[in-house]
Amino acid sequence: MSSLAGFARSGGRWGIRNHVLVLPLHSAANLAAERIVEGVPEAVAVGHQWEARADDPDFARIAATLAGYAANPNVYATVMIGILAADTAIADLATSLGGQVHLIAMADHRGTAGTVAASVPLVARLTAEAAALKRTPMPLAGLVMGLECGGSDALSGITANPALGVASDLLLAAGGTSILAETPELIGAEEILAARAVSPAVGRQVIETIRGFEKAIRDLGVDVRGAQPTPGNQAGGLTTIEEKSLGAAKKGGDAPVAGVVGFAQAPAGPGLWIMDTPGHDIEQMVGMVAGGANIACFTTGRGTPTGSAITPVIKISTNTAIFERLSGDIDIDAGAILDGSQTLATMGARIHELVLAVAAGELTSSERRGNHEFAISRTVSPMTAFSG
Amino acid sequence: MIVSLGCETIQGRRLANLIAERGQRTEFTGIQLMGGTANTVDRGREAVGRLRGQLAGDRRVPVTNANLLLGLATDAPSPLAEAVAAAAAAAGVSVVIATPGPRPEGLWPDAPTVGYGDRAPAGRSVIEHAGEGPEQHVALAGAGAQVIVSLRGPGEAPHGCATVPVVAVAGDAAMFSALADDFDLDGSQVSGAEVLALVIAVFNGQPAAAERRGAHDFVLRRIARTM
């Protein structure tokens, strides 16, 4: 049995990192957040484009995203930068999810410069507290692993995705949790996933979630095939969304599907869960991290360096050519399955070993670079929502 | 300087060509093209250095107000928006106004509609469905505005724009005083002529509050949920 050490959090959750996060609650607070972490480089900040309208029809989804991100167990404490001190809904939600949250209001400090000056000492104190905290023995069951693919090619479904599926099954066997997402990239695989559901009700939920996404796109008058597979996928040899999906679903291994959660919602227990997210790489990653993913594995055929400010992302290439071409951006190459030097089983075991090493503190390539992509995900068109 | 990944639906090379066709200096690099982030950063820094070298020779020259296009960002028509537009018209400055949705009843019925991303003509014009706040800034920058006046609603915070100076006008006195460092003017206290006077100063190089703090907002108008 492998031993692991991490940071114990409330509710039996475990962090494998100990970040101090500076999180704007409004797009007008992005610059202040950015300047604060320039002053305290040990902290991390993300930015987004949300204007924090209380009448936003996606308010609940966006609040869950920001609050869940702040409460992710990889975060020691979050300093939220808002506009008005009275707007505490998101900070309160993050606290209820187990986060340690501090709220600074720009309106109390005349704007950006005063907010930065007021926040830097607080953030510096929190980073010092975080640095003093020691790892303690942690069960493998404390790992919640996000599964993602981006820039897929014709080999994704043959090498990296099924190898990641093996690694996911190994984690689940140890009592851990995996999250399969990117709903539009499950279109065509819904019957296979539904047949693996732990109950008929979960099976129906799988079908409804995937068909619901397809219908929402169709209702916009848009043909999903205009954007899926993407131009890069097509150049990589993928011909249809169904072909892409059958490969994408292999990231979930052979485990039963324990349940379906909404965007940015935490799975209720261990096992393989499906989260309803867009296929957009960053939105999907943010949704899984807001849902509690403390580690992520991301397969890529065309190569993409994206990461997360707070959750380590392990990049897995589908082919050796892209691994060598983008060597600094990718952590492990599953292309070795093609030449017979590895099997799905041995590569899956290697990915699992890397997951454990990263959980223990080894930095991933996106962490070394400092990738900190973040995006707000909407279901309602802002045009429909606000413009009548 | 276009930085592409390589898989995008809007391909970076094509975007760079569209920009160059408009007469703008442009460079292009891509992560998949260059073999990773580190190479892309190296290549990108060289290219930005070339662009900066080109702009080092640029000098301000005298222009008339007829060369100026003021972008007006506002949630809804208002007396102050009309006053700023009237002051601009009297000074011979062209004005393009962005509206969140379709053109409101009675707003400048004789002014042409500018397509999103198209150049605004001389005189008055309207960009419909431009979104809100910083989304409008991008629409106005795309229309060719050299300065944007952002008339914020009551209680709303100000944004900047990465490429165009934004004169941020607070919607009410309380918000102006709460965020005094980030606003330029208090919309409850100011006349159209006073706004235009600051606009002309900013045209001539005086930094607006958003520029002083280094705000570089860029918010693309989304028309649908993400796939």
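Below, chain A is the first sequence line, B the second, and so on; all start at residue 1.
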- Task: State whether the number of non-hydrogen atoms from other residues, nucleotides or ligands found under 6.0 Å of B/Arg22 atom CZ is greater than 12.
- Result: yes
- Message: With a 6.0 Å cut-off (strictly less than), is the heavy-atom count around CZ of B/Arg50, excluding the residue itself, greater than 12?
- Response: yes
- Name the member of B/Ala157, B/Gly6, B/Gly35 that forms the most heavy-atom pairs with chain A at distances under 4.5 Å. B/Gly35
- Do B/Asp182 and A/Met106 touch side chain to side chain, with heavy atoms closer than 4.5 Å? yes
- Message: Around atom CG of B/Leu55, are there more than 12 heavy atoms from other residues, nucleotides or ligands closer than 6.0 Å?
- Response: yes
- Message: Using heavy-atom distances under 4.5 Å, tell me whether A/Glu34 contacts chain B through its side chain, its backbone, both, or neither.
- Response: side chain
- A/Arg325 side chain to B/Leu33 main-chain N or O, any donor-acceptor pair under 3.5 Å? yes
- A/Ile83 vs B/Met175 side-chain heavy atoms within contact, under 4.5 Å: yes
- Query: What residue pairs, at least two apart or across chains, pass ring-ring contact (aromatic ring centres under 6.0 Å, His included) with a residue in residues 130-176 of chain B?
  - Reply: A/His26-B/His159
- Non-hydrogen atoms of chain B under 4.5 Å away: do they reach the side chain of A/Arg110, the backbone, both or neither? both
- Message: Using modelled atom types and a 3.5 Å cut-off, is there a donor and acceptor pairing between side-chain atoms of B/Gln32 and backbone atoms of A/Arg302?
- Response: yes
- Whatever's closer than 4.5 Å to a heavy atom in chain A on B/Phe218 counts as backbone
- Query: Judged by atom type as modelled, is there a donor-acceptor pair below 3.5 Å linking the side chain of A/Asp329 to the main-chain atoms of B/Thr37?
  - Reply: yes
- Proximal component of A/Ser377, with respect to chain B [non-hydrogen, under 4.5 Å]: neither
- Item | Donor-acceptor under 3.5 Å (A/Arg35 side chain, B/Arg213 main chain) | yes
- Message: Rounded to the nearest 0.5 Å, what separates atom CG in B/Asp181 from atom OG1 in A/Thr115?
- Response: 9.0 Å
- Message: Counting only heavy atoms not in A/His280 (residues, nucleotides, ligands), do more than 12 fall under 6.0 Å from its NE2?
- Response: yes
- Does any non-hydrogen side-chain atom of A/Pro305 lie less than 4.5 Å from one of B/Ile31? yes
- Taking every heavy atom of B/Val219 against every heavy atom of A/Gln49, the minimum-distance pair comes out as CG1-OE1, 3.4 Å
- Task: Could you tell me which of A/Thr112, A/Thr230, A/Asn30 has the largest number of non-hydrogen atom pairs under 4.5 Å with chain B?
- Result: A/Thr112
- Query: Which atoms of B/Gln11 come close to chain A, meaning under 4.5 Å heavy atom to heavy atom: side chain ones, backbone ones, both, or neither?
  - Reply: side chain
- Item | Under 4.5 Å from any heavy atom of chain B - which part of A/Leu326 | both
- Lys/Arg N to Asp/Glu carboxylate O, A/Glu51 vs B/Arg152, below 4.0 Å: yes
